[in-house]
Amino acid sequence: MPPRRVNKTRAVIKLVEAKHKDQDSTLSGSSEIQISNESVSTPRLPSIPLDVLLEIFLYLSPVELLNLIRSSKWLRSVLRSRSNEQIWRNALQNVPEAPNCPADMNELQYASLVFDTFCQSCLADSLCVPIWELRTRLCDACMGNVIVKRPRPAQKGVDRSSIWCSAMEVLAFRIPMNDIESFEPQGQWYWMDCHRMVYSKGDIDLLNERLPGLSSRGKKDLLNRLRRPQLDPTVYEQFVARRFHEAVAEKKREEQNRIVARTAAICARLQNMGYEEEFAVPEILTALKALPSVHTPQELTDDDWKKIRPDLKARMEKWRKAYRRYQRKEVLLSRCSSFRKMLEEMGHNELPGMTQAHYIDILILPEIKAILDSPGDDEICSETLTTMRTLLPGLWTEWLKALSGRLLNDSPALQAIYDAQKTLDHPAIVLACSQCNRRLFYPPVLYHSCNNAAYNPLHSGPATEIREDLYEHAAQEKCLRKPWSTAQLDVLSTIDHIQDIMHVCGVDPHKGNWLEMNALDGSLRVECKRCSTKVKGSVVMSWRSAVQHVMTAHLRGELEWTLAPADDAARAKELEAKVRDHFEEMHRTSSALYVCTHELCARSAETFRWRELREHMLDRHRQSLTGQSDNYAEHPESPP
């Protein structure tokens, strides 16, 4: 008769109870207990009877038992004992909806496979998905060391058509997606190969080692021994998926708690270095938390602090400087706002031709900048505003003269006319705006709003470094415009054609001006020979209409202009008079008032009679009123 099996649990309980009788009731000393020829070391634990301790284990969860078994050698020896398998069974029963343990695994192996998350090959804590066919859990790095795709027999003597193929059918399996975020508990499989299964490298090595030297019966026994019990992984996947999602959420919470603790420790040390004021700014605190050296789930140690301290100190100094500049920018914005209100009060009457687009040009004038960018955080007083108001008309005039020089320097094609007349106010000077496609003469081109491009300010918070000049940055942000520029202006290739028109009218193209040409507008008419040939008639017009005709119809090609015959000129004048009379008939009431809505006069409150409006448009804007226009409107208080 075989010897009677000793109940290890009872033996441990009796030995421990006997020992507790002779020891203090608070702590138990270390000793060696002999259990079934196994030496077990008892730890320094509170004096709890072992039977009570084992009774407590019956109510623990598998995760808690796995943590205990890794805490000490004594607990590991107790919980790994075969006589205590009931503890693991009860722990698995305490988990709702837990599938039954597979027949080829014990409860400890099953609990570790299901409730642990690390790789069982390299022990990397990477939240790996179990591979149920192999009864193991692998990370992506270890997958290639354990899994093979297309195994081949190591020796040529192996019959690849029978035994090897049968072994491949027995050992083949598929693996699930090893991605926790996309893990689906629906039995969906990720095929590493479109048409082939995968195999365990250990099984293939064992097959190559033993298969050649076995008989036919031995080969079949080997295949039966390698055959794994059939297992439906879908049931286990559904349970493991929930467990993994919970583990991911728990891991994220733990990482977030560690990040919060690390950030608090770093902030406390930085505040001790004298950065209390910067931490009161939310933007700086947010930028600090986003740094990789801060936003990491690791405990802050002294060695770690020594490594990251220089970089954090440099960044805090950079943010401190940016915060000081941000505070200064707020002061400059307030001053620019007060100055802009004064410009709105002055308007077009005190500064002729000024529009809202020119506010930025006035703000960046050296004299104005010296006053507004003065040291201190106080607002501009009324006396200072009065002083600047007296200086502005002269500064505005000087600035317009400077614009003429810039226009001449940026447009070399205008140099010949300027050398002859010493001015750019010439009928042949026509420029085109690439933004709005308008044709512009001088001086209206100086006041064109497209010359001051729109300014789209980027977000500049207390933690953002402003690299450009701080005052100009504040002025552009307040006006939402950039300084005056000729980047969008192009000189039209109509200078020669317009000079030909002036020559035909009897005016020297290099010495004539607008006044001389306007004096001839009532007597002379010119004819475009090119258009007259096309229409088989006479295309006769005034010189101003001829200039518009060149810009709209003949930007390219050769043109020929001649003075119109007296009969054609007289008929053209009659037709122009009829059109003008018909147009004036629409505004025949002498009491009607109009306002100019041109961009140069948009803020002006000046009103005109109809004839005054026509003269104003000719003299001021180089435009004629020969039909409906968008540059004037009837005054709201005009009498009926």
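Just so you know, residue 1 is the first one in the sequence shown, and it goes up from there.
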Note, [X] side chain near [Y] side chain (heavy atom, < 4.5 Å):
X	Y	result
Ile284	Phe279	no
Phe57	Leu53	yes
Arg320	Glu277	no
Met354	Tyr359	yes
Asn409	Thr486	no
Pro297	Gln256	no
Val114	Gln109	no
Leu300	Ile308	yes

Tell me if a side-chain donor or acceptor on [X] pairs with a main-chain N or O of [Y] at a distance below 3.5 Å.
X	Y	result
Asn84	Val78	yes
Trp305	Arg269	no
Arg438	His448	no
Asn94	Asn90	yes
Arg481	Ala357	no
Asn257	Arg253	yes
Arg135	Pro130	no
Thr286	Pro282	yes
Arg80	Leu75	no
Ser411	Leu408	no

Within this structure, what is the [atom1]-[atom2] distance for the pair [X] and [Y], rounded to the nearest 0.5 Å?
X	Y	atom1	atom2	result
Phe339	Leu332	CZ	CG	13.5 Å
Leu66	Ser71	CG	OG	11.0 Å
Ile466	His473	CD1	NE2	4.0 Å
Leu288	Thr263	CG	OG1	7.0 Å
Arg70	Arg76	CZ	CZ	8.0 Å
Glu344	Met342	CD	CE	11.0 Å

Can the positive tip of Arg137 be found less than 6.0 Å from the middle of the six-membered ring of Phe118, inside 45° of the ring normal? yes
Given Asp304 and Arg262, is the salt bridge (charged side-chain N to carboxylate O under 4.0 Å, His left out) satisfied, shown in steps? CA-CA 11 Å; Asp304 192 13; Arg262 180 184 178 90; 2.6 Å; yes
Take a 6.0 Å sphere around [atom1] of [X] and say whether it holds more than 12 heavy atoms from other residues, nucleotides or ligands.
X	atom1	result
Arg467	CZ	no
Lys251	NZ	yes
Glu299	CD	no
Lys482	NZ	no
Asn272	CG	yes

Are Asp377 and Arg335 within salt-bridge range, i.e. N to O under 4.0 Å? no
Closer than 4.0 angstrom, basic N to acidic O: yes or no for Glu317 and Lys321? no
Are [X] and [Y] close enough that a side-chain donor and a side-chain acceptor fall under 3.5 Å?
X	Y	result
Tyr275	Gln271	no
Gln488	Asn451	yes
Tyr326	Glu465	no

Nearest heavy-atom neighbours spanning [X] and [Y]:
X	Y	answer
Lys307	Pro310	O-CD, 3.6 Å
Ser404	Leu446	OG-CD1, 3.9 Å
Glu379	Ser338	OE1-OG, 4.0 Å
Arg406	Trp484	NH2-O, 2.8 Å
Cys336	Tyr471	SG-CE1, 4.4 Å
Ser293	Thr296	O-CG2, 3.7 Å

Salt bridge (charged side-chain N to carboxylate O under 4.0 Å, His left out) evaluation trace for Lys369 with Asp469: CA-CA 12 Å; Lys369 179 180 178 180; Asp469 183 77; 3.5 Å; yes
If you apply the rule side chain to side chain contact (heavy atoms under 4.5 Å, CB included), what do you find for Glu398 with Lys401, and how did you get there? CA-CA 5 Å; Glu398 294 296 328; Lys401 294 180 180 179; 4.3 Å; yes
I'd like to know whether Gln476 forms a side chain to side chain contact (heavy atoms under 4.5 Å, CB included) with Tyr455, so could you lay out the CA-CA distance, the side-chain angles of the two residues, the decisive distance to 0.1 Å, and finally the verdict. CA-CA 7 Å; Gln476 294 182 54; Tyr455 177 74; 3.2 Å; yes
List the steps and the verdict of side chain to side chain contact (heavy atoms under 4.5 Å, CB included) for Phe115 and Leu113. CA-CA 6 Å; Phe115 295 97; Leu113 182 62; over 6 Å; no
Would the His358 and Trp396 ring centres measure less than 6.0 Å apart? yes
Apply side chain to side chain contact (heavy atoms under 4.5 Å, CB included) to the pair Glu350 and Leu392, showing each step before the final yes or no. CA-CA 9 Å; Glu350 298 186 38; Leu392 277 178; over 6 Å; no
